[in-house]
Amino acid sequence: MGTAPPGRPPAPGTPRVRRLLGAAAFPALFVGLVVGMTQLPEFGDPASPASTHLSPRFIEDAAAETGAANMVTAVLADYRGYDTLGEAAVIFAAGLGCLVILAAAGARPDPPGAGMSHPFGSVVLDAATRILVPVVLLFAVYVLIHGHVSPGGGFQGGVLFGSGLIMMRLVWGPAHEGRAHQPAVPAFGPGLRGSLVLACAGILAYVGIGLAAMAFGGEFLNYGTLPLGGDPAHVRELATLGIEAAVFLTVAGTVAVLFDTISIGMRESGAPLPPGDGDSA
Amino acid sequence: MAEGHLISIGLLAAMVVSAACALAVKDLLAAAALFGAFSFLTATWFALVGAVDVAFTEACVGGALTTILFVSTAFRTGRRFD
Amino acid sequence: MTIYAFAAALFTLGIAGMALLPNLLRKLLAMNVMQVAVIVFFVSLAFKDGATVPILGQGGAPRAAEFMNPLPHTLMLTAIVVSVSTTGLALGLLVRIRSRFRTLNEQRLLDRLR
């Protein structure tokens with residue numbers, strides 16, 4: 001071990017053997033996958049196990065039980081509410097991870113005229129964004145509310161809303177708090193902190209709806225007992241819309257936070273830079 | 001739609017080709033654009049096999065958001081892969 | 001079967017890219033390709049011959065044979081959004097790594113970390 005660098009034990013075999021093994025591994029993986037897939041049911045087989053267990057019940061009872069014509073929405077927000085809560089929590093955790101990155105690196109806005117925080121200053125872009133952004137945001141809300149009867153729902157609407165927020169950031173410059181230089185058009189919409197508040201409000205609303213169902217005598221996320229009036233299917237429909245709205249807020253806020261993490265300039269704290277060029281690209 | 005539907009096979013083949021190109025090019029902007037094309041082909045295939053909600057999500061996420069994130073990364077790290 | 005083979009090809013492409021490409025950003029792209037391969041496989045399991053999209057139209061009580069299986073669609077819809085948020089987090093990390101170590105090449109990073 002005297003000559004080997006510390007922490008890296010020498011790999012077995014000569015480089016040539018290793019390269020051959022590496023080159024053979026992936027064709028072997030492909031062949032193995034295809035051989036395994038020959039045992040699967042035929043593509044489009046209506047009698048396959050995936051289509052005969054559980055899903056007939058979703059297809060036949062979803063509309064009557066939850067009032068949602070779009071079965072995907074019914075399964076997403078009602079039957080598998082726990083699962084969706086977990087997914088929303090993962091997305092929220094990604095946003096929190098971004099906060100850790102921002103805090104560890106010492107976030108600060110770019111100086112005027114540098115980085116992405118400088119508005120492009122193009123009249124064409126400004127005018128196009130003024131027209132497009134309201135349409136995008138409104139369409140996102142439409143996708144959320146109309147998700148019961150057409151493709152759409154909280155996830156898609158949230159991503160669209162987040163895209164609208166990103167579009168404003170791209171063209172009109174920074175939306176983070178305490179901006180030192182005023183862009184040509186004042187930045188509109190939630191900044192980094194506002195986006196975080198959106199994401200937190202979303203996840204809290206999700207858990208809150210679940211706990212409210214418990215408070216009125218049901219199980220966690222079993223909305224049938226909520227005192228919203230009307231027949232059970234209608235109550236479930238309203239609660240499902242609430243769940244979708246919570247997912248919408250979480251996704252929209254997190255998407256904006258993700259973009260900010262990539263685009264906000266950093267002052268490196270901690271260890272000094274290794275020798276090399278000093279650009280801050 | 002039968003198993004060997006020509007449009008389905010063509011879309012899947014185009015997906016494999018565009019994914020291979022996105023992984024092969026040495027320019028981050030080109031890779032992001034090719035990945036956007038790959039995502040859009042995928043979304044079209046999802047719509048073809050009846051997964052409209054998945055197609056909608058993939059079009060929003062893959063066609064727009066992932067591409068935006070990769071392009072803003074290219075702005076920060078430089079276009080060339082080193 | 002053809003469609004499963006295409007999904008397998010995409011998966012192999014993605015995992016080979018993750019293992020063989022030298023640059024962390026390209027590895028991330030390859031990881032995304034692999035995720036899409038898994039999603040394609042799941043969605044192909046939901047397809048039924050002679051069925052339509054899982055949205056109820058006008059008419060009587062729905063029968064299971066008339067609609068695609070909505071369960072894989074639901075699972076994959078959430079998986080796509082989770083994949084974009086993890087990708088964004090990874091990109092944020094990579095931007096930090098690049099500004100601190102001046103490279104995203106795996107071997108050079110390992111050399112500098114030592």
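Convention: sequence-line order gives letters A, B, ...; per-chain numbering from 1.
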**Q.** Point-to-point distance, once rounded to the nearest 0.5 Å, from CG of A:Leu40 to CD1 of C:Ile3
**A.** 12.5 Å

Q: First locate atom CZ of A:Phe43, then atom OH of C:Tyr4, and finally report the distance between them rounded to the nearest 0.5 Å.
A: 7.0 Å

Q.
How close do C:Pro54 and A:Asn70 get, counting heavy atoms only, and between which atoms?
A. O-OD1, 3.7 Å

Q) Relative to chain A, which segment of C:Ala65 carries a heavy atom at a distance below 4.5 Å: side chain, backbone, both, or neither? A) neither

Answer yes or no: is there a side-chain heavy-atom contact under 4.5 Å between [X] and [Y]?
X	Y	answer
A:Ile59	C:Pro70	yes
A:Ile101	C:Leu89	yes
C:Leu20	A:Phe26	yes
C:Leu75	A:Arg80	yes
A:Val149	C:Ile55	no

Q: Give the member of A:Leu29, A:Thr73, A:Val72, A:Asp45 that has the highest number of heavy-atom pairs under 4.5 Å with chain C.
A: A:Val72

Q: Sort out for me which of A:Ser51, A:Gly32, A:Pro46 touches chain C most, counting heavy-atom pairs under 4.5 Å.
A: A:Ser51

Q: Apply the test side-chain contact (heavy atoms from CB on, under 4.5 Å) to residues A:Thr261 and C:Leu91: give CA-CA distance (whole Å), side-chain angles for both, the deciding distance (0.1 Å), then the verdict.
A: CA-CA 9 Å; A:Thr261 312; C:Leu91 285 173; over 6 Å; no

(Q) Less than 4.5 Å to any heavy atom of chain C: does that hold for the side chain of A:Thr52, its backbone, both, or neither? (A) neither

(Q) Does any backbone or side-chain atom of A:Phe30 lie under 4.5 Å from a heavy atom of chain C? Answer side chain, backbone, both or neither. (A) both

Q: Taking C:Asn69 for its side chain and A:Ala50 for its backbone only, find out whether a donor-acceptor pair lies under 3.5 Å.
A: yes

Q | Any donor-acceptor N/O pair, A:Glu60 side chain to C:Ala64 backbone, under 3.5 Å | A | yes

Q | side-chain hydrogen bond (donor to acceptor under 3.5 Å, both in side chains) pairs, two or more places apart, involving residues 71-85 of chain C | A | A:Glu87-C:Thr78

Please table the atom pairs, donor to acceptor, closer than 3.5 Å between any side-chain atom in residues 35-42 of chain C and protein atoms at least two apart or in another chain.
none

Q: Output the option from C:Val53, C:Leu94, C:Leu77 having the highest count of non-hydrogen pairs under 4.5 Å with chain A.
A: C:Leu77

